[in-house]
Amino acid sequence: MSTSAEASAPRNNEPRNNEPREDEPREAGPPKERKGHRSDLKPVWCPGCGDYGVIAGLGQAIDVLGYESHRIVFVSGICCSSRLPYFFNTYGFHTIHGRAASVALGVKMGNPDMRVILVGGDGDFFSIGTNHFIHTARRNLDVLAICMDNSIYGLTKGQLSPTSGTDFVTGSSPYGSVEPPLNSLALAITAGATFVAQSYSANIKHLKQTLIEAERHPGFSFVNVISPCLTFNKAKSFAYYKKRVSVTEEEARTDRAEALSIVMSRDEQSVLGTFLQIHQPTFDAAQASMAKAAAEDRGVPSMEELIESFA
Amino acid sequence: MSTSAEASAPRNNEPRNNEPREDEPREAGPPKERKGHRSDLKPVWCPGCGDYGVIAGLGQAIDVLGYESHRIVFVSGICCSSRLPYFFNTYGFHTIHGRAASVALGVKMGNPDMRVILVGGDGDFFSIGTNHFIHTARRNLDVLAICMDNSIYGLTKGQLSPTSGTDFVTGSSPYGSVEPPLNSLALAITAGATFVAQSYSANIKHLKQTLIEAERHPGFSFVNVISPCLTFNKAKSFAYYKKRVSVTEEEARTDRAEALSIVMSRDEQSVLGTFLQIHQPTFDAAQASMAKAAAEDRGVPSMEELIESFA
Amino acid sequence: MSKRDTRYVCLRIAGEGGEGVISAGELLTQVAARLGMHVATFKTFPSEIRGGMAVYQLRTGPDRVLSQGDYLDILVAFNREGYDRNIADMTSEGVLVHDFEPGDNLPVKRRGGVDYHVPMGKLAREAGSHRAKNMVALGAICELFGFPVEGLTEGVRLKFGKKSEKVVEVNLKAIDLGAEYVRENHEIRHELHFSEGDGHARVVLSGNDAVAFGAVAAGCRFYAGYPITPATEIMEYLARELPRVSGRMVQAEDEIASIAMCIGASFTGQKSMTATSGPGLALMSEALGLASMAEVGLVLVDVQRAGPSTGMPTKAEQGDLNLAIYGAHSTAHRVVIAPVDVEDCFYQTVNAFNIAAKYQIPVIVLSEQSLGFSKASMPRPDFENLDVFEEQYARMPTDGDPWPKVDELTVGEGYPMTPVFPRYLRNDTGISPRSIPGMPGMEFRATGLEHDEFARPRYDPPNRKAMLNKRQAKFEEVRREYGEQVEVIGDDEAEVAITGWGTTAAVIRHAVTRALNDGASVKAIFPKILSPMPDMAMRHHLHGVKRVICCELNDTGQYANIIRHRYGANVHAVLKDRGVPFAPGEITPYIEMAIKAQVRI
Amino acid sequence: MSKRDTRYVCLRIAGEGGEGVISAGELLTQVAARLGMHVATFKTFPSEIRGGMAVYQLRTGPDRVLSQGDYLDILVAFNREGYDRNIADMTSEGVLVHDFEPGDNLPVKRRGGVDYHVPMGKLAREAGSHRAKNMVALGAICELFGFPVEGLTEGVRLKFGKKSEKVVEVNLKAIDLGAEYVRENHEIRHELHFSEGDGHARVVLSGNDAVAFGAVAAGCRFYAGYPITPATEIMEYLARELPRVSGRMVQAEDEIASIAMCIGASFTGQKSMTATSGPGLALMSEALGLASMAEVGLVLVDVQRAGPSTGMPTKAEQGDLNLAIYGAHSTAHRVVIAPVDVEDCFYQTVNAFNIAAKYQIPVIVLSEQSLGFSKASMPRPDFENLDVFEEQYARMPTDGDPWPKVDELTVGEGYPMTPVFPRYLRNDTGISPRSIPGMPGMEFRATGLEHDEFARPRYDPPNRKAMLNKRQAKFEEVRREYGEQVEVIGDDEAEVAITGWGTTAAVIRHAVTRALNDGASVKAIFPKILSPMPDMAMRHHLHGVKRVICCELNDTGQYANIIRHRYGANVHAVLKDRGVPFAPGEITPYIEMAIKAQVRI
Ligand SMILES: Cc1ncc(C[n+]2csc(CCOP(=O)(O)OP(=O)(O)O)c2C)c(N)n1
Ligand SMILES: Cc1ncc(C[n+]2csc(CCOP(=O)(O)OP(=O)(O)O)c2C)c(N)n1
Ligand code: SF4
Ligand code: SF4
Ligand SMILES: [Mg+2]
Ligand SMILES: [Mg+2]
């Protein structure tokens with residue numbers, strides 16, 4: 001361990017770049033043949049699991065985006081879907097159930113140069129993790145959040161998820177659920193996400209294109225990917241969705257209320273497309289501006305200067 | 001301690017009434033002169049705190065509703081506003097920060113005959129407590145939830161709240177907040193509340209009337225009460241609101257998307273009124289129906305019968 | 001070394017996930033219990049959702065099966081991998097029943113024992129389905145080891161009868177073919193034989209079943225929980241059965257909500273429970289403190305799994321004792337109970353509810369992955385005589401019988417006496433009268449703030465002291481009531497004692513029973529409740545003991561440290577933390593060394 | 001009994017909230033420190049937002065002020081209630097300065113001492129504002145006890161100069177009037193006198209200030225937190241100062257998010273911190289386990305307050321030690337440090353960051369309400385020579401210098417060696433090389449699952465054992481590096497030792513210093529780190545000790561239990577849990593009893 005590598009990471013205490021990053025759509029890098037930075041580990045998912053489609057679409061999107069592997073950080077919670085970071089040879093963090101959004105915020109604050117991709121399942125995002133999802137979206141943190149929605153708890157072998165919906169029979173709702181479903185697209189729009197879309201793990205072309213656009217969007221981008229669980233959610237299989245899924249031709253709205261009225265109509269639940277895209281300052285940029293202004297107004301103090309406020 | 005009281009509480013193991021309660025608006029009881037069941041304890045709030053108005057309006061509403069004191073359960077979290085249960089001589093539970101909604105759900109499941117009123121501040125409801133708020137609203141639990149919104153953390157002496165909004169200067173945002181505000185009315189509508197209104201602690205008449213209607217509504221009723229904190233939020237004082245508050249004449253919507261488009265327009269932030277009222281099965285009723293059906297289908301088992309599934 | 005008790009047989013079935021290993025094992029277990037055999041089981045399945053090895057093991061005998069023992073007597077391997085991965089666990093004299101050509105160059109060669117080849121796959125297809133491989137194996141087992149085939153066929157009818165006649169037929173055929181194949185092709189070259197049942201039909205439950213069922217028996221009518229391995233089955237059972245008895249089961253949005261819901265329901269007088277595993281218990285720490293402070297009873301089951309953090313969710317560890325006892329800011333009393341086996345899971349859960357209701361205190365039941373998942377036979381409980389505590393609520397005062405006076409001294413200046421209900425009344429036991437919402441005239445405000453006897457917030461030192469003492473008094477009452485409940489086996493005068501808790505206690509029992517048979521002077525001590533520790537009895541039994549062995553499945557000796565600081569005992573901690581339970585043979589040497597005074601303390 | 005050291009003066013100001021009690025006290029403190037006096041303070045304010053008594057106390061002397069001592073020497077009472085509520089804390093010879101007619105029938109009568117009446121309210125109005133009452137009091141204090149009035153007027157100018165010239169004028173006038181009134185109306189009838197400063201100007205910080213400032217000095221560039229009494233000031237300081245040094249401060253939505261954000265930022269190489277109190281620490285238990293397992297360093301400050309549950313949020317308690325050490329499912333290593341006074345808060349925070357970064361481990365700093373809120377003087381730190389650890393990250397291998405080989409044995413079958421970065425490489429120290437996002441060629445996936453050296457999930461026993469040992473080795477390295485850092489004062493050969501931690505250690509120091517002056521044979525032992533305990537040094541210092549007194553502010557003896565089980569020591573626990581700190585005089589009798597072998601162990 002001797003020769004130093006060209007590291008683009010900031011060293012300890014090296015000041016962060018406080019120049020507010022331009023909040024403009026990112027340009028694509030040169031499309032490189034990298035096979036999406038896949039790692040040597042084989043996914044442990046059941047054969048036919050929808051999440052294989054997600055990994056494929058994501059790999060292709062990353063190829064197009066041309067990001068280098070050391071500039072990507074996957075952050076996930078705990079669930080079947082959250083295993084995803086292992087299957088890419090990028091930086092990754094398989095954290096704990098429900099808290100990935102907050103870890104992602106820390107990563108992004110720690111090194112705003114990283115491309116942070118947050119992944120998880122419907123329970124991880126919208127049951128135990130709802131609070132962090134909402135407040136991270138509200139802040140418009142510049143990350144891409146991908147929910148692999150199978151309307152069931154896969155890893156714990158088939159219980160009700162917030163997106164399952166009324167009358168749904170699972171291990172924990174043997175007489176059918178009495179809980180109305182949570183509309184994750186609507187929640188993301190209300191909470192403050194600035195890019196909200198839905199895709200489908202069996203439509204890899206659409207998925208790839210959606211992920212590319214979502215990732216290029218500066219701010220909190222949420223993509224709900226319908227990703228069936230063959231093992232524990234027989235009701236919502238690929239066959240079920242095949243008949244129901246359609247791709248919208250409409251443009252993304254720039255008004256939240258309009259976007260909401262689209263995603264709240266029941267029929268729209270299986271529509272693929274981008275429903276909202278707005279440009280608002282990102283948390284990263286706003287924090288950087290604030291730090292810059294504070295340093296300019298009050299000066300960058302030495303420790304000797306700082307202690308004088310206690311004299 | 002010998003003579004038994006006429007207790008309407010279910011005894012241990014006495015089966016709950018599984019007859020699904022009618023999900024129709026409740027009739028008012030005879031208006032009694034009870035001074036709103038106020039207790040001997042004097043509120044510890046700062047002189048002029050908006051919460052005094054809330055307690056007044058609430059007391060008047062309870063008088064009109066005519067509920068007996070032993071049938072009311074106030075459940076609160078931790079904050080200035082959450083002190084409210086002490087000031088009523090009803091059952092009450094001053095719980096912990098952010099978890100009151102879940103305690104309220106337990107209370108309601110434990111004894112569906114109780115009128116449960118959930119109270120708290122903007123931080124208690126929408127920062128640490130957001131997840132529980134959302135899922136309790138989604139289930140349409142039959143409780144009244146009152147947020148005393150002062151856009152600040154009062155009890156901890158003046159930090160940013162999720163409802164404070166961008167550029168707001170507080171102890172924890174000395175350079176002005178970089179976080180856009182959370183729209184609690186929109187969040188409640190999206191999450192699944194079936195009655196959503198806003199009122200103002202200085203308009204006791206409106207407040208009282210709104211609380212009466214909200215309480216009579218079967219299902220999750222959310223009332224956001226603008227309730228200024230004189231001590232730590234000088235920016236949003238009564239004077240500030242005086243100019244901005246208006247009462248809408250419009251009827252409550254029965255469509256979520258429509259209601260959302262109203263509460264999402266910025267100007268509507270200080271509009272008082274009821275924005276949404278829908279009738280949907282309550283969690284309480286749905287649970288009772290489920291229990292009834294299960295008992296009918298599969299029988300009410302004795303322990304001797306139950307153990308045979310392990311034979 | 002004690003001689004193997006040959007009346008006990010330990011059999012393991014091993015195969016691919018999906019080959020019916022688990023269902024064959026469960027059927028065998030069920031039938032054995034029905035016939036009155038004693039049986040205990042153990043299973044593992046791959047931690048990923050699909051693929052990998054499935055293993056089912058059962059041990060039976062004429063009397064209570066204390067543990068899984070040390071070695072397999074019989075290995076039924078559905079394939080080569082089943083052999084390779086399990087053969088190391090078998091004694092050299094063990095019996096192998098297999099479906100592969102042993103001619104293959106086996107990496108592990110046996111140095112003795114008897115082999116029987118049974119072409120399970122082939123016979124299954126003959127019987128009508130490749131999925132009946134497991135039934136062929138069962139037929140062979142009946143024939144080889146004298147397991148009553150009628151019981152088995154009866155079992156198949158009961159299990160699959162409702163499903164389809166066709167399935168029953170195929171399965172019975174497969175059993176026949178398996179038995180027939182053995183009869184025609186093999187001469188019995190071993191002595192092993194299942195012992196007969198005693199005719200007392202027993203039931204078979206897993207630890208999770210026993211907890212869930214015990215809750216219903218104890219009067220639990222509210223459950224809130226969030227799925228987590230290995231506790232989820234408890235929720236799933238109660239989701240099915242609670243509604244039938246007018247109870248409510250709510251799947252909460254997370255663990256914090258789960259316990260908060262239970263606190264709410266308990267506040268209204270419903271007996272409430274939640275179940276989780278380590279990560280969930282950690283999340284519940286704050287709300288548990290509220291239950292202690294507001295004096296709201298509830299039962300929290302922690303089916304422990306290997307940590308830290310997400311760790312190894314499908315592996316065994318007893319790593320949550322510290323968290324259960326000490327996981328609170330400040331002193332938040334909670335009772336901690338750890339059942340030692342499946343039957344104990346039932347009775348300790350009932351116990352837990354009784355304590356929670358009587359003492360208005362949270363009770364943590366520490367189960368464990370290997371206990372939650374293993375099934376064992378137990379006699380049907382005597383429900384008539386089951387001790388279920390029914391709470392007496394407070395009653396409205398009358399002229400002749402007013403509410404007890406609260407202590408004027410601690411009420412103090414600025415806090416006038418009022419005629420409101422003294423919810424936190426101080427008295428000798430610390431157990432205050434309780435009212436529940438709906439009872440008129442006895443309204444009060446429960447609170448997590450320090451408070452006076454009228455439940456009003458109060459921070460002054462005299463009141464603080466009084467209320468701390470009150471809560472402590474209650475805890476001491478639990479200690480007194482359960483202070484004698486320490487199980488002791490062995491030689492009362494022994495200088496060497498061995499102790500442990502939870503599932504490890506069961507294994508220690510096994511090891512000590514053997515050692516006693518060999519004439520060793522040792523005693524085993526198991527407290528029934530781990531907090532409050534039954535100090536009186538423990539001190540009594542530790543009196544005169546020179547060396548104490550503490551065994552547990554964690555790497556810091558959480559329990560051993562308690563024994564050290566409470567009793568100043570000379571403790572040698574025997575710790576294991578690889579995700580697998582102890583075997584009795586791992587404990588025996590330490591007993592021997594302690595007797596020879598060779599352990600390092 | 002040791003004679004009072006009259007060079008130290010303890011003065012208390014008491015009045016209504018809103019009367020400027022706190023600001024007068026703080027001004028006096030600041031000026032005293034500037035003049036080179038040593039000063040330590042203590043304040044309480046009503047726990048409700050408004051109303052009630054405010055109290056500010058300061059103790060000064062010619063050398064380091066060890067604690068607040070036992071009694072007041074001077075009480076400045078702005079009104080009758082200020083007298084009634086505080087007079088009991090004053091020695092009978094104490095000096096009272098007051099603004100009420102003592103003719104009133106006082107409920108508590110003094111049996112000695114000297115009284116001076118000063119019409120503060122009246123003089124304040126004369127000076128131009130009723131709000132200048134506190135300045136009148138300060139003027140009187142200068143005159144009565146020889147506090148340098150020039151220093152004070154200078155202080156007023158510095159403090160209010162920017163605000164308005166008018167305010168300065170009124171305040172100076174009020175000071176004058178106060179002094180003049182004393183001069184003209186009172187004859188000095190007491191001996192008490194402030195000792196002079198040594199001319200070394202010091203700074204004045206609260207414990208919370210010192211932690212926050214220490215974090216900046218240690219290189220902290222990310223803070224996430226959620227407001228909670230009594231820790232909020234730490235966040236508020238960092239909100240102001242971190243952005244100036246390119247750091248980031250985020251107010252999270254709750255405590256779980258706070259620590260998760262810190263974990264994320266630390267993962268990228270930023271030194272990160274969060275601060276909270278008991279309820280928040282409880283909520284963070286699960287995520288703390290992730291930091292341990294994924295080996296991500298961070299600093300967590302817990303400013304303890306009285307519990308359980310919400311308890312008494314503005315009162316003192318040392319009740320979170322158990323939670324800090326044991327609050328985890330399974331073994332989740334974390335380092336626990338408890339500073340003893342304000343200056344220590346600064347240095348231990350720097351220490352905490354160094355350990356967190358070097359050992360890639362979470363570090364908990366246990367502060368406490370009465371420490372967080374009290375201000376004390378301290379010399380300016382020598383920043384040039386401050387020991388701040390800078391992490392060296394891993395470097396890409398070259399031909400001549402490849403990545404260290406991982407142990408083939410533990411990699412095992414089915415888990416091929418790969419050329420990926422061995423993030424969790426095992427070695428002697430347990431400290432693995434680390435890369436951070438942005439460094440090419442060294443990508444890895446951090447994880448809370450059990451994993452191998454390449455960070456791949458693994459559940460098999462050999463790997464489990466290896467990784468448990470690796471994490472434990474790291475913890476033992478901390479123990480080794482800090483193993484000598486035990487503060488010992490007193491008689492090395494003493495049979496009686498006294499020990500404690502955090503704020504109580506400071507009070508014990510005071511009591512022991514007195515006892516030693518009286519010639520007693522006693523020693524005080526304070527470990528600098530509470531987990532891992534510095535066993536070597538502790539054993540060494542406890543050697544030959546027959547009786548150990550452990551003092552702490554909780555009712556179960558959390559620290560005492562550790563001393564018992566780790567060292568088998570004969571411990572007598574002296575516990576206090578009424579929401580108020582120890583006074584040295586409360587400890588002295590136990591030292592005396594222990595020396596006479598009268599304590600019950
Ligand atoms: C604190 C905590 N609670 C519960 C669990 C158990 N758990 C793991 S994944 C999961 C939910 C899985 O469902 P989902 O998020 O929809 O993802 P999927 O497996 O379907 O991809 C749960 C409840 C846990 N690991 N940690
Ligand atoms: C777990 C936990 N975290 C933090 C706190 C501290 N705390 C008490 S109240 C409060 C927020 C108060 O603000 P809000 O909810 O808006 O109510 P208000 O006081 O303004 O009425 C906080 C952060 C706590 N008591 N418990
Ligand atoms: S259980 Fe479902 S979600 Fe999990 S891997 Fe299998 S198919 Fe996929
Ligand atoms: S601090 Fe604000 S919210 Fe709290 S009591 Fe005072 S005015 Fe009301
Ligand atoms: Mg899912
Ligand atoms: Mg507020």
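The sequence lines fix the lettering, A, B, ..., with proteins before strands; numbering per chain opens at 1.
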**Student:** Side chain from CB out, backbone as N, CA, C, O: work out which of these in D:Y237 comes under 4.5 Å of a heavy atom of chain A, or both, or neither.
**Tutor:**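 The side chain, not the backbone.
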
**Student:** Using heavy-atom distances under 4.5 Å, tell me whether D:A257 contacts chain A through its side chain, its backbone, both, or neither.
**Tutor:**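 Both backbone and side chain.
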
**Student:** Using distance alone, with no hydrogens and no angle criterion, decide if D:Y223 and D:S258 have a side-chain donor and acceptor under 3.5 Å apart.
**Tutor:**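 On atom types as modelled, these side chains do not qualify, holding no pair under 3.5 Å.
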
**Student:** Between D:R458 and D:E450 (salt bridge meaning N to carboxylate O under 4.0 Å), is one present in this structure?
**Tutor:**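 Salt bridge between D:R458 and D:E450, a charged N being under 4.0 Å from a carboxylate O: no.
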
**Student:** Check each atom of D:A224 against the heavy atoms of chain A and say whether the ones under 4.5 Å are side chain, backbone, both or neither.
**Tutor:**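 It is neither, since no heavy atom gets under 4.5 Å.
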
**Student:** Under a 4.0 Å threshold between the charged nitrogen and the carboxylate oxygen, would D:R423 count as salt-bridged to D:D452?
**Tutor:**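 A salt bridge is absent here (no side-chain N lies under 4.0 Å from a carboxylate O).
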
**Student:** Tell me, for D:Q30 versus chain A, whether the close heavy atoms (under 4.5 Å) come from the side chain, the backbone, both or neither.
**Tutor:**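 Contact with chain A is through the side chain of D:Q30 alone.
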
**Student:** Does a salt bridge link D:K375 with D:E26, judged by any charged N lying under 4.0 Å from a carboxylate O?
**Tutor:**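 Counted as a salt bridge, because a side-chain N and a carboxylate O are separated by less than 4.0 Å.
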
**Student:** Considering only heavy atoms, which portion of A:F88 lies under 4.5 Å from any heavy atom of chain D: side chain, backbone, both, or neither?
**Tutor:**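 For A:F88, the contact with chain D is made by the backbone alone.
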
**Student:** With a 4.0 Å cut-off on N to O distance, would you call D:E253 and A:R139 a salt bridge?
**Tutor:**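 A salt bridge is present here (some side-chain N lies under 4.0 Å from a carboxylate O).
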
**Student:** So, A:H94 versus A:Y86: side-chain donor-acceptor pair below 3.5 Å or not?
**Tutor:**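 Short answer, yes.
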
**Student:** Heavy-atom distance under 4.5 Å to chain D: side chain of A:V300, backbone, both or neither?
**Tutor:**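 Both the backbone and the side chain of A:V300 come within 4.5 Å of chain D.
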
**Student:** So for D:M293, is it side chain, backbone, both, or neither that comes closer than 4.5 Å to the heavy atoms of chain A?
**Tutor:**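 Contact with chain A is absent: no heavy atom of D:M293 under 4.5 Å.
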
**Student:** Could you tell me which portion of D:F267 (side chain, backbone, both or neither) has an atom closer than 4.5 angstrom to a non-hydrogen atom of chain A?
**Tutor:**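 Only the side chain of D:F267 comes within 4.5 Å of chain A.
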
**Student:** Which region of A:E304, side chain (C-beta onward) or backbone (N, CA, C, O), has a non-hydrogen atom less than 4.5 Å from a non-hydrogen atom of chain D, or is it both or neither?
**Tutor:**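 Contact with chain D is through both the backbone and side chain of A:E304.
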
**Student:** Given a strict heavy-atom distance threshold of 4.5 Å, which part of A:L41 is in contact with chain D: side chain, backbone, both, or neither?
**Tutor:**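 Contact with chain D: side chain only.
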
**Student:** Under a 4.0 Å N-O cut-off, is there an ion pair linking D:R244 with A:E305?
**Tutor:**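 Salt bridge: no.
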
**Student:** Go through the atoms of D:A287 and report whether side chain, backbone, both or neither lie under 4.5 Å from a heavy atom of chain A.
**Tutor:**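 Its backbone and side chain both get close to chain A.
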
